2 protein chains.
Amino acid sequence: MAGIHTIAETERQVSLVLGSKALDFESMAVVANIFRASNNLRNHLERSVLQAHNLSWTGFVVLWVVWIWGPVETREVARESGISKGTLTGVMKTLEGRGYLVRDRGKTDGRLVDVSLTKAGSALMDGLFPQFNQEEAQVASVLSSQEKADISRLLRLIASHTAKA
Amino acid sequence: MAGIHTIAETERQVSLVLGSKALDFESMAVVANIFRASNNLRNHLERSVLQAHNLSWTGFVVLWVVWIWGPVETREVARESGISKGTLTGVMKTLEGRGYLVRDRGKTDGRLVDVSLTKAGSALMDGLFPQFNQEEAQVASVLSSQEKADISRLLRLIASHTAKA
DNA sequence: TCATTATTGTTAGCATCCAAACGACCTAAG
DNA sequence: CTTAGGTCGTTTGGATGCTAACAATAATGA
């Protein structure tokens, strides 16, 4: 994938291992680079901004979703955050334990749970998000405005194409 | 981020919550879409190809790296795979337990461990990788050849920019 | 009205993921 | 030869991540 070896080295080695079989190196590069960039981004943003607040990437994303759209039902938080409902339950438990959000069983539908931020949670996001966005800007500063628009559009195509049915 | 609400809806709501503060929506979109595409890709490839072989995404990546470059030292496998050494130890333990790879303590440097695939591991990759690459091609088929080159290049810029010092 | 089907959030089991600390080993300098 | 500093892989603790199964609740249709 996209590690310490160059693309050319990797392709050469893959051809050695697989012989003359037809391979789609272009698509391989797309997948590898999406994954590598995402990994590096997540680690970078966790180290540079989130760790100081003892927040994981996903913890932050969940707080962000509830901060922006709350009060909001857990099924919507899971979808908006891109994680499963089971994972969300665990992450909410962690954030609830830290005093950042609360859960309330729905009044009209006993199956539903509403999530909202506490005062501490809102205060945290008010202070943290501008820093986070600043670091996002720093990270994306290697791209021009047009490149940012292009890459967002192309990634959205791929994300839509691979979204669960 | 890039969930059930549109970009425009999200931007409008963020402006409502934060008021007139300056925000870099372009960079926000870049980060959100990288993360969402990566998430969807990983889940899609796990569901469509890897799950049938009881492999996780990272298990597959580690097998792939060892298949292509093996025998190879664990520190190189971790770097090439984009995971920490601690995580790699756990993943190797899982794959070793399934009989796909073996570890050998280095003969000349007692700190180092060499990793290589077993016959079963090689056979698995010989059969699995062409399927995986075919699905990679299917996933990336929404992009033209030029777009694949463009997006790979831009992602590589971001990945390099955010790589650990 | 009631049985059946569907949906929700939680739980269990298993896998991953990180940072930090640790023991073992290697290198360099005095 | 000894000591200090560095590197390696593993372990620990805590967090995440998935799927499937479950109990509780709601919706549907006969």
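All figures in this text were calculated on a predicted structure; none of them were measured in a lab. Quick note on labels: first sequence line is chain A, next is B, and so on, each numbered from 1. Heavy-atom basis, side chains included; hydrogens, waters and symmetry copies ignored.
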S.K.: For C:dT7, does either OP1 or OP2 sit under 4.0 Å from a side-chain N or O belonging to A:Arg111?
M.R.: no
S.K.: Verify the cluster assignment for B:Leu95 and B:Val113: are they in a single hydrophobic cluster under the rule of side-chain heavy atoms below 4.5 Å apart?
M.R.: no
S.K.: Which nucleotide, C:dG9, C:dC17, D:dT16, lies nearest any side-chain atom of B:Thr58?
M.R.: C:dC17
S.K.: For D:dA15, take OP1 and OP2 only and decide whether either is under 4.0 Å from a side-chain N or O of A:Arg42.
M.R.: no
S.K.: Relative to each other, are the rings of B:Phe60 and B:Phe129 parallel, tilted or perpendicular (30° and 60° limits)?
M.R.: parallel
S.K.: Strictly below 4.0 Å: does A:Arg103 bring a side-chain N or O up to OP1 or OP2 of C:dT10?
M.R.: yes
S.K.: At less than 4.0 Å, is any side-chain N or O atom of A:Arg98 found next to OP1 or OP2 of D:dA15? Yes or no.
M.R.: yes
S.K.: Which residues pass the side-chain hydrogen bond (donor to acceptor under 3.5 Å, both in side chains) test with A:Gln51, not counting sequence neighbours?
M.R.: none
S.K.: Taking only side-chain nitrogens and oxygens of A:Arg75, does any of them come within less than 4.0 Å of OP1 or OP2 of C:dT10?
M.R.: no
S.K.: Do A:Glu135 and A:Arg47 meet the salt-bridge criterion of a basic N to acidic O distance under 4.0 Å?
M.R.: no
S.K.: Closer than 4.0 Å, any side-chain N/O of A:Thr74 to the OP1 or OP2 of C:dT8?
M.R.: no
S.K.: Would you mind telling me which of C:dA15, D:dG9, D:dA15 lies closest to the side-chain atoms of B:Leu112?
M.R.: D:dG9
S.K.: For DNA chain C, which residues in residues 83-94 of chain A have a heavy atom at a distance below 4.0 Å?
M.R.: A:Lys85, A:Gly86, A:Thr89, A:Met92, A:Lys93
S.K.: Classify A:Gln51 by what it touches in the nucleic acid, base, sugar-phosphate, or nothing, heavy-atom distance under 4.0 Å.
M.R.: sugar-phosphate
